[in-house]
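Read the structure below first, then the notes.
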2 protein chains.
Amino acid sequence: MSLSSRFAVAVHVLTLLAQVEDRPATSEYMAGSINTDPVVVRRILGALRKAGLVTTQPGVGGGSSLARDPEQITLLDVYRAVEKGRLFSLHHRPPNPHGVVGGNIQTTLESVFGEAEAAMEEVLAGITVTQVLQDVVACAGQVVEQ
Amino acid sequence: MSLSSRFAVAVHVLTLLAQVEDRPATSEYMAGSINTDPVVVRRILGALRKAGLVTTQPGVGGGSSLARDPEQITLLDVYRAVEKGRLFSLHHRPPNPHGVVGGNIQTTLESVFGEAEAAMEEVLAGITVTQVLQDVVACAGQVVEQ
DNA sequence: CCAAACTGTAACCATTATAGTTGCAAATCG
DNA sequence: CGATTTGCAACTATAATGGTTACAGTTTGG
């Protein structure tokens, strides 16, 4: 199975927050851009807040803002905030420990899966929210030119 | 969400086939090591066969064998055989195209997701079934020594 | 001090995917 | 021909996702 769309939505949220700079953005505003319900956005915001990436103010004139400079927020931070657990799954039921393969394959798989996951995370660690916003803006410029 | 356990099971299957060398292994034998039902194993075998990684003989004395040298089968081959679709998901519903972020974020995300997925696949491409079997055997040796 | 504008969170639903299971037709071998 | 094996379809239980409704709490400002 694929990863959930929470990661895509979370990056979208943070890109919007980076775009509006210091003004807090409401979940309703962001839901309008993401094309979903404000509750879904607030669920994502809850995970981002727990990870220390955003701050939120309730009440009139409230909303969410980035907790730090978007240049200091990498997509790995975002990924870790919203995707729990390991990327790969081991056997649904543990294999039969009698026999060389069944008894040791999970150890080997853990190692292999860890390496593959680390390579993916390294790429995410090299991309910041600022870069995403710049890329989005650049795309918008190209579209206008056409 | 995490990836399914099919990948783990598929690697397990191929490792067993590499271990028994040329003798065909039945789905029941492999199910015994994997600790699942033979039908589940045959479902995985179906995907591996479609990808050209194993061959199968029905009937008495039948079973499955590797279609080529296990040194020539990488974990990326296995991954592609059993995990369909992209690793990351975009938005569940397409975002609102009016607005710079909503209108362009998916293009940016496609690019980022592609890079991250490629890095993961590169690691898998560097590991063969032979290496997995060797690692499993090495683990077994260490356990005996303890 | 109250109403309006926000938030957080729980509850429920429909949809989807997985893994397990059962059942049966087809192929092969002796 | 019978035993062994496969392939595949169908059904189930379980779990996760995303959407939606509902409601209580916080803040601001008239």
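Letters A, B, ... are given to chains in the order of the sequence lines, protein chains preceding strands, and every chain is numbered from 1.
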Closer to the 5' end of DNA chain D via nearest nucleotide, is it G62(B) or P58(A)?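 That would be G62(B).
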Taking the nucleotide of DNA chain D with the nearest heavy atom to each, does V60(A) or G61(B) sit closer to the 5' end?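 Upstream on the strand: G61(B).
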Distance in angstrom units between [X] [atom1] and [N] [atom2], rounded:
X	N	atom1	atom2	answer
Q57(B)	dG30(C)	CD	P	12 Å
R23(B)	dT5(D)	CZ	P	14 Å
H91(A)	dA19(C)	NE2	C1'	13 Å
M30(B)	dT5(D)	CE	C1'	12 Å
L90(A)	dT18(C)	CG	P	17 Å
R93(A)	dT14(D)	CZ	P	13 Å
Y29(A)	dC6(C)	OH	P	14 Å
R6(B)	dA17(C)	CZ	P	10 Å

Please determine if a side-chain N or O atom of [X] lies less than 4.0 Å away from the OP1 or OP2 oxygen of [N].
X	N	answer
T56(A)	dG8(C)	yes
H92(A)	dG20(C)	yes
T26(A)	dC6(C)	no

From CA spacing to verdict: side-chain contact (heavy atoms from CB on, under 4.5 Å), L75(B), F7(B): CA-CA 9 Å; L75(B) 296 197; F7(B) 184 37; 4.2 Å; yes
Is S5(B) touching bases, backbone alone, or none of the nucleic acid, heavy atoms closer than 4.0 Å?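 Sugar-phosphate, no base atom in range.
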Just checking S64(B): base, sugar-phosphate only, or nothing, at a heavy-atom cut-off of under 4.0 Å?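 Answer is nothing: S64(B) stays at 4.0 Å or more from every strand.
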Using a 4.0 Å cut-off on heavy atoms, which residues in residues 36-54 of chain A reach DNA chain C? List them by number, or say none.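 Those residues whose heavy atoms fall under 4.0 Å from DNA chain C, taken from residues 36-54 of chain A in numerical order, are V39(A), R42(A), R43(A), R49(A).
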Side-chain touch [X]/[Y], heavy atoms, less than 4.5 angstrom:
X	Y	answer
I44(B)	H12(B)	no
F88(B)	V112(B)	no
L87(B)	L87(A)	yes

Looking only at heavy atoms, which two atoms of D135(A) and T108(B) are closest? And how far apart?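 Scanning both residues completely, I find the closest heavy atoms to be OD1-OG1, 2.7 Å.
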What pair of heavy atoms forms the shortest contact from P95(B) to S33(A), and how long is it?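 That closest heavy-atom pairing would be CB-O, 3.4 Å.
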R68(B), CZ: over 12 other non-hydrogen atoms inside 6.0 angstrom: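 Result for CZ/R68(B): enclosed.
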